[in-house]
Amino acid sequence: MGLAQDPLEGKLSLDAMCRTPCWNGVCVRPNKCACSKGFKGALCDEDVNECGLERRPCSQRCMNTHGSYRCYCEPGYTLAADGYTCYSESSPNRRATFVRARTDDREPACSSLRCQFGCQMKRGGVVRCLCPPGLHLAADNRTCEDVNECEQSLDVCPARRTCRNTFGSFVCVCQDGFVMGTLEGSVQCRDKNECLTGTHRCSRHAQCFNTDGSYTCQCRDSYHGDGRTCRPRRAPQTKTHMYYNYKLSRRTKPIKPAL
């Protein structure tokens, strides 16, 4: 029997047990998840695109993030402390120049475009969809596609790290055979000693030798193989033993019946 707190009611459910874990929420009833804010779905594994809602949360530009969103402003405007209002940087009275999405003349045009993240009105009244950094406008001129920074540059990450692309950005993770740790006073990717941690795949009849970023396996004496598979070595046979086995095999041959 599981025990979890229902975020919707603030009560404990004594029968809360879900066969599949709730990704971004808690189990409140048998096989029933209560999702955290910004997520949806039976397992709370689907992100809510707040920027695509009919009532936009930002006054100018909106960027959807995993489980949340982020507001940002057009050039010449600065984001206010409330996190969603933009004001003009050139105005002497910034508080009086708040630009809100509900009262901005561009909002009807932006709504008609149904931009995924936001839009901008250029000179001449032309409105086009915009994409935040790390994304570019797709062929439909409405949605945004990810820019794969890992394919654009091979040296985007430092030594011993590999680039892993994410939506709108990228992260540098340790290469296989390395783990994040403190090395020479700084956080770096250091060698993972598979022989010490027991994560190697050497045979139990082999010896593990750690190398920088990897390891090797060598079969012990009286065994042979590639180190991951080791078989016992057969003892060399003497000529007498070989002759004895030969005579024994001749004697045990089946006798063919006479025709």
Side-chain angles (χ1 to χ4, degrees), residues 2 4 17-27 31 33 39 41 43-47 65-67 133-135 145-256:
M17 182 172 291
C18 298
R19 294 182 180 179
T20 305
C22 304
W23 286 84
N24 300 285
V26 294
C27 183
N31 298 322
C33 298
F39 296 96
L43 300 178
C44 303
D45 56 347
E46 300 178 24
D47 174 64
T65 60
H66 189 64
L135 305 177
E145 294 178 343
D146 177 58
V147 175
N148 193 337
E149 296 84 356
C150 300
E151 293 181 350
Q152 292 183 342
S153 178
L154 298 177
D155 56 351
V156 66
C157 293
R160 293 186 172 184
R161 297 192 189 187
T162 184
C163 180
R164 181 174 297 173
N165 186 58
T166 61
F167 187 74
S169 185
F170 67 95
V171 293
C172 294
V173 297
C174 294
Q175 297 177 353
D176 292 339
F178 296 92
V179 293
M180 189 70 71
T182 304
L183 185 64
E184 298 179 355
S186 61
V187 179
Q188 302 179 20
C189 290
R190 58 177 178 82
D191 174 57
K192 176 183 178 181
N193 193 331
E194 295 86 355
C195 303
L196 184 63
T197 59
T199 55
H200 60 82
R201 295 186 178 181
C202 297
S203 168
R204 61 189 182 94
H205 301 297
Q207 187 173 359
C208 178
F209 296 93
N210 186 59
T211 60
D212 189 42
S214 187
Y215 64 94
T216 59
C217 306
Q218 183 177 344
C219 294
R220 301 182 185 276
D221 295 341
S222 72
Y223 288 89
H224 70 96
D226 59 3
R228 297 195 174 190
T229 303
C230 297
R231 297 181 178 85
R233 295 183 183 273
R234 293 184 178 180
Q237 295 182 348
T238 62
K239 291 184 178 181
T240 304
H241 192 221
M242 292 174 63
Y243 180 74
Y244 173 78
N245 288 336
Y246 169 74
K247 298 294 289 184
L248 184 63
S249 64
R250 297 283 296 178
R251 182 179 300 177
T252 56
K253 276 188 176 181
I255 302 175
K256 293 182 180 181

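Not measured: the values here are computed from a predicted model. Values reported hereafter were calculated over all heavy atoms of this structure, with side chains retained and with hydrogens, waters and symmetry mates removed.
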Under 2.5 Å between SG of Cys33 and Cys22 =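 Cystine link detected, SG atoms below the 2.5 Å cut.
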Mind listing the closest non-hydrogen atom pair of [X] and [Y] along with its distance?
X: Phe170; Y: Cys150; value: CB-SG, 4.3 Å
X: Asp191; Y: Ser214; value: OD1-N, 4.1 Å
X: Asn24; Y: Asp45; value: ND2-CA, 4.3 Å
X: Phe39; Y: Asp47; value: CD2-CA, 4.3 Å
X: Val171; Y: Cys157; value: O-SG, 4.4 Å

Minimum side-chain heavy-atom gap Val179-Arg190 below 4.5 Å | yes
Side-chain contact test, heavy atoms from C-beta onward, threshold under 4.5 Å: evaluate it for Cys189 versus Met180 and give yes or no.
-> yes
Over 12 foreign heavy atoms within 6.0 Å of CG, Asp176 = no
As an exercise, state the distance from [atom1] of [X] to [atom2] of [Y], rounded to the nearest 0.5 Å.
X: Glu149; Y: Cys172; atom1: CD; atom2: SG; answer: 10.5 Å
X: Thr199; Y: Asn193; atom1: OG1; atom2: CG; answer: 8.0 Å
X: Arg161; Y: Cys174; atom1: CZ; atom2: SG; answer: 6.0 Å
X: His200; Y: Asn210; atom1: NE2; atom2: CG; answer: 10.5 Å
X: Cys195; Y: Tyr215; atom1: SG; atom2: OH; answer: 8.0 Å
X: Thr216; Y: Phe209; atom1: OG1; atom2: CZ; answer: 6.5 Å

For Asp155, salt bridge (charged side-chain N to carboxylate O under 4.0 Å, His left out) partners two or more places apart = none
Would you list the atom pairs, donor with acceptor, under 3.5 Å between side chains in residues 217-224 and any protein atom, with sequence neighbours excluded?
unit_1: Tyr223; atom_1: OH; unit_2: His205; atom_2: ND1; d: 3.4

According to the salt bridge (Lys or Arg N to Asp or Glu O under 4.0 Å) rule, which pairs have a member within residues 194-205, sequence neighbours left out?
-> none
